[in-house]
There are 2 protein chains.
Amino acid sequence: MGRKQTKSGKIRLTEVAKLAGVSPITASRFFRNPEALSESKRERVDSAVKELGYVPNLAARALASHRTEVIGVVIPSLTNNVFADVLRGIYDSSEGSRYSIQLANTRYSILQEEKLLRLFRAQKPAGLIVTGINQTAESRTILESMNCPVTQIMEIGDSPVDMMVGFSHYDASFAAISHILEQGHRRIGFLGARMDPRVQRRFEGYRDAMKAASLFDPNLVVTTSVPTTVTLGGTLFADLLARTAEIDAVFCVNDDLALGVLFECQRRQIAVPRDLAIVGFNDLEFMASAVPSLTSVRTNRYEMGRHAVTMVIDAIEGRRPREPVLNLGFQLMVRESSMPQTT
Amino acid sequence: MGRKQTKSGKIRLTEVAKLAGVSPITASRFFRNPEALSESKRERVDSAVKELGYVPNLAARALASHRTEVIGVVIPSLTNNVFADVLRGIYDSSEGSRYSIQLANTRYSILQEEKLLRLFRAQKPAGLIVTGINQTAESRTILESMNCPVTQIMEIGDSPVDMMVGFSHYDASFAAISHILEQGHRRIGFLGARMDPRVQRRFEGYRDAMKAASLFDPNLVVTTSVPTTVTLGGTLFADLLARTAEIDAVFCVNDDLALGVLFECQRRQIAVPRDLAIVGFNDLEFMASAVPSLTSVRTNRYEMGRHAVTMVIDAIEGRRPREPVLNLGFQLMVRESSMPQTT
DNA sequence: CAATCCGATGGTAGCGCTGTCAATAATTGT
DNA sequence: ACAATTATTGACAGCGCTACCATCGGATTG
C-alpha cells in the first residue's frame, strides 16, 4: 500500500502531481482517462500515487465534475429473500468498479418511491436501478429527467424507461399452472399475499391458464394484502379449504406460502402430493429439501442483480446495449409435490 | 414542494440567502444549527428554501466541512436472513435523519473487512456500524483512527472499540442446552455450519453446558465451514447419525439447519419430539408454524439495527450513552419440538 | 514546405458550501 | 449609566478537484 502519509498531512492530487513531475490536471486524467496519458507519464503518476498512498477525495471530485459515482438502487423490501439475492448480485458486481451502491427501500409504497426518486435526483447519481415497471406517472417523469442510465429490474414489459432486466411473471405463472393441469388436476387453488404488481401478474397467468382450460373459479382464489409469511400460507390454505372442499392442487405466489401450505397439510393429515399438489414460486433453497420436495419456479435473481449493474455501468460509460430489454427467463423445477405419487 | 426551479437554473444557497435577505452563511446555519438563528430570520430562510425548492449540494457540503453525512455499515452477508432484519432496523431508523447508509459486505472475510474499513476511512463517514467483535488488530486500528462513533453489533463483549449492541451468544446457547437437558435428554448433538465467531461462541455455550452435566462427547459435534442451507441441515444430521446412533436431541446453530433436520427426520420416519428433540437458533418466522413447531432462541435483530443507528447518531451529535454496551438479550421460545410429547 | 490536424499537456477559474474569526446588536449586572 | 457579556450575523478564504480552453510539438497531407 506504499508509505502512509506521514506528519506532512494531507496528500492531495497536487502532491502526487508534484512527485510525478506533471501538472495536477494530468494527474487527474490518470484516474479518469488513463489512455490519454503517454506511457511514461502514466507510469510516473501511478508510482507517485502508490508512493504517497493517495486516495481521491470523492466530494471534491463530485463537486467539480457535477457527477457522483453512485448507483442508486430502489427496492420494495429488505426482508424478502428474493431481494437479498438480487442485492447480492448488485453488490458483487459493483465491487471492483469505481461505483458505489446507494440503497433505498420503498416498503412497497409507490409514494415512498416517488419521494426516494426525488431524493436521488438531488444527488445526481451516475445510474439508477429500480424495481418493477409500475412506477407512478410522476416517478416516470422524475426518472426520465434524471439524465442517467436507468435499469428496471424484476420484470419486463413494453416501454422501458431506459433498460430492463427481468422475466415475465405472467409466463412463469402460466407455465406453472399448465404443468399442474398436465398432471390431471382440475381444481387448482391460488394463494396470494401482498398483491404487489408482480404478484398481480402471476395471478393473471393463473387466471388465463385456468380460463383456457375452462376451469377458472373465483372461489379458488384466496388473496390478502398482508405481507407474506410461512404461517400465512397455512392460514390462506385453511381459508381456501373452508370455502371449497374439493381442491386438487394449490399454486402459491411464493415459496413461503407453499411451505406454510405443506405444514398445514401435515397438520391436517392431507397427503402431498396424493391428496394435494403444491407449487410455489421463486425456488428458494429449502424447496428442494422439504418432504416431499416442493415444485417451484426458479428465477434468476442473482443474475438479475449482476446484469442490472453491468448494464447501468456500461451505459454510463457509453456502451449502450443493442437490446434495452433483457429477459432472463425462468425454469419450472418439478419436484415431488406436483408429481404423480410414487411409492 | 414549492415552485420548481424554472429556466433560471441552479438554486444555490446564495439564491436562498438573497431571497431571504440574509447572508449565505446565515442561510447555511439554518440547516446546520437552526437554533442559532433568530426566529424571524429562521422563518425567512425557511420560506425561501420552500419557495425556491432548494436542495443542498451534499458534495459541496462534504468538501467544505471535511465531513459526510454517511453512516457506514459493514456486515458479513447479504443473504443471511438474520442480517435482513438488522438492516431493516438500520434503514428504518436512519430514515428521517439527515444521515444516509452506506452498506458494505465482507462475505465473512476479515481481510475483506480490513479493505472495506480502509475504504470507509477514506470517505470520512460520520459514523460506522460493524458486525461482531472479532476484528483483526489492523481493523481495530483503522476503526480507532477513524475519529467517528463506531458501534459493534450482533454480539457483546469486553473492550468495545466504542459502543456495542447485541447479546451473548454463549449465554443464549447455554440456556438452550440447559432447557434441552431439563427435558431429560442426555445425548444432544451439535450441528454447526459456517463457523463464524458468533457460531463459535454458540458452540462454547453448548460445550460448557454439556461439560457441566458431564455429557460432552466430541462425537456429538458435527460442523462444517460451508455456508448454511436447509439441505445442509439434513446432511449434517445424517453425518451425526452415521457417527452415533444414540441421539436424544439436536441443537442447531441456526434455524435453517433445524428445518433441514426436521425434514430429514420426516424422511427417516424419526418422530419429533418423541424420538428426537430439535432446537434451532434465531427464531425465524417459519419455526412457529413447522409441524411440529420448532423451539428456537429469539434474538432481537430488528431492534439491534435500530439501536445501532440511534446510538451512532446520538454519539455523532454529542449525546454519548452512559453505558457503551447495550445487551438486548434473547428469549428461549419453547415449542413442540423440544417439549414432552403430547397426544 | 506551408497548412492542417492530432495527441499530449498545462493554466485558469471555479464547483457550492462552511470554518474561522471578526463585527455588530442585544442583554445583563452593579 | 456604562462596561462586560452574550446572542446574532457577516466577510473572507478556501476545501480538492475537474471543465474548459489554450498550447505546443510533431505527424500528415497535397
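Because the structure is predicted, anything quoted here is derived from the model rather than measured. Numbered from 1 within each chain, the chains take letters A, B, ... in sequence-line order. Worth knowing before you read on, the calculation uses all heavy atoms, side chains too, and leaves out hydrogens, waters and symmetry mates.
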Atom-pair distance (CZ on Arg98(A); C1' on dC17(D)), nearest Å: 13 Å
Minimum-distance pair of heavy atoms, taken over all atoms of Arg140(A) and Ser159(A): NH2-O, 3.2 Å
Stepwise salt bridge (Lys or Arg N to Asp or Glu O under 4.0 Å) check, Asp46(B) with Arg42(B): CA-CA 6 Å; Asp46(B) 185 50; Arg42(B) 196 182 321 144; over 6 Å; no
Phosphate OP1/OP2 of dT18(C): any Ser28(B) side-chain N/O under 4.0 Å: yes
Euclidean distance, atom CZ of residue Arg12(B) to atom C1' of dT18(C) [Å, nearest integer]: 15 Å
Separation between CE of Met304(A) and CE of Met154(A), rounded to the nearest 0.5 Å: 5.0 Å
Atom pair distance, as rounded to whole Å: CG in Asn33(B) and P in dG19(C): 10 Å
Presence of Thr26(A) side-chain N/O under 4.0 Å of dG10(C) phosphate oxygens OP1/OP2: yes
Given dT18(D), dC17(C), dT9(C), the nucleotide with the shortest approach to the side chain of Ser38(A): dT9(C)
Proximity to the side chain of Ile25(A) - top-ranked nucleotide from dG16(C), dT18(C), dG10(C): dG10(C)
Validation row, ring centre Phe30(A) to ring centre Tyr54(A) under 6.0 Å: no
Nucleotide nearest Leu37(A) (side chain, heavy atoms from C-beta), chosen from dG16(D), dT18(D), dT9(C): dT9(C)
Arg61(A) CZ to dG14(C) P, straight-line distance once rounded to whole Å: 23 Å
Test item: Ile313(B) and Tyr99(B) side chains (from C-beta on) under 4.5 Å apart, heavy atoms: yes
Listed nucleotide nearest any side-chain atom of Leu63(B), set dC17(C), dG16(D), dG10(D): dG16(D)
Heavy-atom donor-acceptor pair, Arg67(B) side-chain to dG19(C) base, under 3.5 Å: no
Integer-rounded Å distance: dT9(C) C1' and Phe30(A) CZ: 16 Å
base_contact_polar (dG10(D) base, Arg29(B) side chain, donor-acceptor, <3.5 Å): yes
Interatomic distance, Arg44(B) CZ vs dT8(D) C1' [rounded to whole Å]: 13 Å
Lys41(A) NZ - dC24(D) P separation (whole Å): 15 Å
DNA chain D: 5'-proximal contact among Ala62(A) and Ser65(B) (nearest heavy atom): Ser65(B)
His66(B) NE2 - dG16(D) P separation (whole Å): 6 Å
